[in-house]
Amino acid sequence: MKRKLSDRALILSVSISPILALVLTLVWNLPGKAQAGEKAGLIPASGGQDAHPTTNRKYSATDILPVADILKLPVADIKGGQDAHPTTNRKYSGTGILPVADILLSSSFPLTQSLPPSSTIKQGRQISLNGRIIPLAWTQQPANSNSANIRTWIADIGLMQSAGVDLLNTADSTKQPVQWFSVSLTETQSISARSTAQYRYLDVTDFAKLAGWQISADGNTLKITSPVANVTGIRQAQREWGDRIVVDLDRSTPWQVNIVDTPSPSPTPIDDPTKPAIPQARTATAPNLETPDDPTKPAFPIPLAPAQSIASQEWSIALDAKIAPAIIGRTFQTSKQLLSLKIEPAGTQTRVKVRIPLGWRPQVFSLGNPNRLVIDIRPDSLVEKDIVWARGIRWRQQYQNIGTARFPVFSLEVNPRQTGVKVRPILSNPPTDKGTAPLLQTAELAGTAAAINAGFFNRINRLALGAIRRDNKWLSGPILNRGAIAWNDRGEFVIARLTLQETLITPTNQRLSISHLNSAYVQSGIGRYNPDWGTSYTPFSDNEIVVTVVGDRVVSQLPVAAGKTNFPIPANGYLLALRSDLSPASQLAAGTLLRLQTSTIPLDFNRFPYILGGGPVLVQNSRVALDAKAEGFSDAYVRQTAIRSAIGRTAAGNLLIVAVHNRAGGAGPNFAELAQILQQMGAVEALNLDGGSSTSLYLGGSLLDRPSSTAARVHNAIGIFIQP
């Protein structure tokens with residue numbers, strides 16, 4: 001899904017990025033690249049994966065905000081108040097007006113460099129590349145405060161994905177080697193990089209000159225034009241690993257890979273498989289095409305349309321180059337993996353469309369002298385990378401082998417003890433706990449540098465199914481002894497199966513067990529809902545009895561039908577929802593004084609302010625510790641293969657944030673394979689998160705692991721915030 005673009009005014013400087021990140025998310029989410037040795041013009045096929053030029057080695061500041069809004073930033077937001085900022089631990093409130101001078105001088109947000117005059121600063125969130133409008137962050141500013149030399153900076157991953165500029169491996173987050181046709185900037189010539197709260201920018205000024213690009217800024221849009229290129233030929237060759245297509249060009253030109261059609265939902269289970277234990281409210285919904293034991297499926301029968309078998313997908317490689325009709329009209333060869341090849345002109349652009357097996361991707365890279373774009377159709381298409389993206393964040397793309405299977409793994413290794421790095425649960429629709437959105441949108445709005453989708457949720461009512469704890473508040477309680485990850489701001493993390501144990505004690509010493517706290521998981525027993533759930537509660541099932549408790553005393557109880565009444569949750573109390581077994585009602589008469597005991601199992605989880613649930617637990621004490629049944633997962637679900645997300649902790653205390661996609665030529669991992677992958681990557685503890693179409697790994701304004709159009713909407717995520 002494309003990011004929403006906003007027409008916003010210029011801000012004073014990227015150096016005050018912490019203020020921008022604060023203003024955007026203060027409401028909730030902030031704490032909340034072989035050329036040699038060619039034959040017949042084709043790259044040697046014998047090199048396999050090494051034929052790709054990038055694999056020969058082993059392997060927010062730009063949020064645009066009107067100046068007026070900055071001027072309204074409360075003084076208390078800088079100098080202290082109620083809610084702590086995630087990267088500074090300073091507190092905020094909502095009163096007072098902060099002058100610009102105070103912003104520039106505030107010690108709460110130290111400047112990372114000297115500030116040039118604001119009139120020379122330009123930045124935006126949109127790029128026009130030869131007329132293609134791309135949501136991509138950029139900024140322009142002088143080389144220093146006294147220089148007239150204007151430098152242009154563009155967000156790195158977006159530049160790679162939209163223009164084909166290949167980011168090569170680097171161990172220095174401030175230097176980024178790149179390759180694009182014959183333009184090769186490596187080692188001492190590497191492009192300067194600069195990390196901000198939300199993006200990593202590359203200084204493309206010198207690169208653009210070498211590439212022949214013309215750059216100008218127009219409001220929120222950075223306009224980039226390149227000289228008109230022409231396709232001079234298209235060649236094909238079959239190799240032992242697949243098919244190769246070579247597009248000959250008379251000069252270098254931007255190119256981009258897109259998926260053309262997105263398949264309808266597959267029958268692979270991608271959600272928590274546990275059905276509700278008692279009937280839920282019967283709300284009208286579209287047919288659910290997920291697994292039959294998906295909990296988002298209502299408990300009453302709904303006719304399901306048979307899922308169509310999808311064997312292929314079409315991808316488009318768009319080049320900003322013209323093509324002669326004679327080339328378009330020729331006939332191209334096909335194969336068992338190259339199901340079709342079409343060439344389509346589109347004005348000054350040429351689209352090479354390939355239809356390939358479902359789950360495959362074209363591997364595309366550029367070469368110079370002469371200029372060519374190479375398109376490989378192979379099952380192992382992942383281009384391996386190892387890039388230190390920012391202090392405390394390392395981005396890797398690699399294959400992990402389990403037996404004969406090769407799994408493409410996209411991962412981030414995060415050092416939570418790095419100054420300025422904070423980890424937070426984030427919701428899709430803050431400040432409410434209800435709603436779903438693409439991770440790309442959620443992460444952008446939250447101002448995170450990185451994020452991964454997290455816990456399970458119900459696709460129908462768009463509420464969480466598992467633990468979410470933030471700032472010591474249970475937004476959603478744990479369920480079914482499911483695995484969870486807990487952490488604090490000292491960089492301590494723990495993964496284990498989690499239960500929240502709550503008990504009500506009456507004056508006669510009767511003990512009533514609470515089944516769930518602030519949960520959308522419907523089960524027989526007593527559910528408790530406090531103000532962390534929201535301002536009101538609507539019954540989930542038929543024939544509930546809702547008991548209102550103010551302070552520690554019962555004030556009322558009322559039998560209701562599902563979805564019929566909204567009950568206000570008292571600010572100094574809570575509601576009890578009695579379901580199925582209504583016998584405890586006799587002990588909860590109006591006036592009854594109640595005492596509440598609450599604790600977590602393991603007890604250690606009590607001390608962590610941040611918790612997110614998933615499941616099952618994959619690794620503990622560096623060993624595979626998979627017991628899906630103990631967490632309420634069905635045998636069928638455990639055996640299934642799917643694209644998956646996971647999080648783990650290394651012996652050094654770093655976080656591993658991982659997205660594993662379909663194995664080369666096959667399906668994604670099952671839970672046992674996923675556990676082995678995390679174990680191989682060095683995890684001493686690891687937890688499965690929601691997967692399938694939900695799996696999304698975000699970094700610096702883009703999804704790393706998949707086209708955004710193929711990613712489903714998700715309820716919650718784990719966000720990585722950084723303060724440069």
Side-chain angles (χ1 to χ4, degrees), residues 1-6 21-32 60 63 83 86 135 198 270-272 280-281 283 285-286 295-296 423-471 473-477 479 517-522 529-538 540 563 566 568-569 610-614 645 689-690 692-698 701 703 708-709 711-721:
M1 176 176 178
K2 293 183 178 179
R3 287 168 283 174
K4 295 183 179 178
L5 304 175
S6 300
L22 168 64
V23 174
L24 284 178
T25 58
L26 191 59
V27 173
W28 193 89
N29 271 324
L30 277 180
S60 184
D63 291 312
D83 298 320
Q198 198 167 0
I270 62 174
D271 285 322
D272 178 345
Q280 290 181 285
T283 54
T285 183
T296 66
V423 184
R424 293 290 184 268
I426 56 177
L427 297 183
S428 61
N429 189 34
T432 71
D433 297 344
K434 182 176 183 177
T436 58
L439 179 65
L440 188 63
Q441 175 182 313
T442 298
E444 286 282 279
L445 291 175
T448 63
I452 191 168
N453 68 290
F456 298 109
F457 60 97
N458 186 304
R459 292 187 184 275
I460 295 173
N461 62 30
R462 300 179 300 155
L463 288 168
L465 288 172
I468 305 177
R469 192 183 197 194
R470 185 186 177 97
D471 299 324
K473 297 179 179 180
W474 287 105
L475 307 183
S476 176
I479 64 172
L517 170 65
N518 294 342
S519 181
Y521 179 70
V522 181
Y529 297 86
N530 67 19
D532 297 338
W533 171 262
T535 59
S536 66
Y537 165 75
T538 302
F540 285 104
N566 287 331
I569 299 175
Y610 306 104
I611 299 176
L612 264 171
S645 302
L689 301 172
D690 191 13
S693 60
S694 292
T695 291
S696 309
L697 183 58
Y698 169 94
L703 293 187
S708 58
S709 62
R713 302 170 70 90
V714 298
H715 177 274
N716 59 84
I718 295 174
I720 310 300
F721 295 83

Problem set entry | Nearest atoms (heavy-atom pairs only) where I569 meets P531 | CG2-N, 3.7 Å
Problem set entry | For S708 against L440, the heavy-atom pair lying closest together | CB-CD2, 4.0 Å
Seminar exercise, completed: Those residues at least two apart in sequence (or on a different chain) that pass side-chain contact (heavy atoms from CB on, under 4.5 Å) with A464 are I468, S476, H715, N716
For this session: Answer whether the closest heavy-atom distance between the side chains of L689 and I452 falls below 4.5 Å.
Result: yes
For this session: Under the side chain to side chain donor-acceptor pair (under 3.5 Å) rule, collect the residues that match up with S645, sequence neighbours excluded.
Result: N453, T695
Problem set entry | side chain to side chain donor-acceptor pair (under 3.5 Å) against N530, all qualifying residues, sequence neighbours excluded | N518
Seminar exercise, completed: Value for CG (L463) from CG (L475), rounded to nearest 0.5 Å, stands at 11.5 Å
Seminar exercise, completed: Rounding to 0.5 Å, atoms CD (Q441) and OG1 (T436) come to a distance of 9.5 Å
Exercise. Within a strict 4.5 Å, meaning less than it, do heavy atoms of the N461 and F540 side chains meet?
Worked result: yes
Problem set entry | Gap separating the OG atom of S694 from the CZ atom of F457, nearest 0.5 angstrom | 4.0 Å
For this session: Please answer whether the main-chain N or O of K473 pairs with a side-chain N or O of D471 as donor and acceptor at a distance below 3.5 Å.
Result: no
For this session: For residues G435 and N429, report the shortest heavy-atom separation together with the two atoms involved.
Result: CA-CB, 4.1 Å
Seminar exercise, completed: A467 meets the side-chain contact (heavy atoms from CB on, under 4.5 Å) criterion, sequence neighbours left out, with W474, P478, L498, I611
Exercise. Between the main-chain N or O of K434 and the side-chain N or O of R462, is there a donor-acceptor pair closer than 3.5 Å?
Worked result: no
Problem set entry | Separation between CG of L697 and CG of L439, rounded to the nearest 0.5 Å | 8.0 Å
For this session: Please name the pair of heavy atoms, one in A711 and one in S696, separated by the smallest distance, quoted to 0.1 Å.
Result: CB-OG, 3.5 Å
Exercise. Is the backbone of G701 close enough, under 3.5 Å, to the side chain of Q198 for a donor and an acceptor to pair up by distance?
Worked result: no
Exercise. With side chains defined as the heavy atoms from C-beta onward, is the minimum distance between L612 and I718 less than 4.5 Å?
Worked result: yes
For this session: Would you tell me whether Y610 and R424 have side-chain atoms, one donor and one acceptor, within less than 3.5 Å of each other?
Result: yes
Problem set entry | Residue pair S519 / W533: nearest heavy atoms and the distance that separates them | N-CZ3, 3.8 Å
Seminar exercise, completed: CG (D532) and CG (L517) are apart, to the nearest 0.5 Å, by 7.5 Å
For this session: To the nearest 0.5 angstrom, please state how far the OG1 atom of T448 sits from the CZ atom of F721.
Result: 5.5 Å
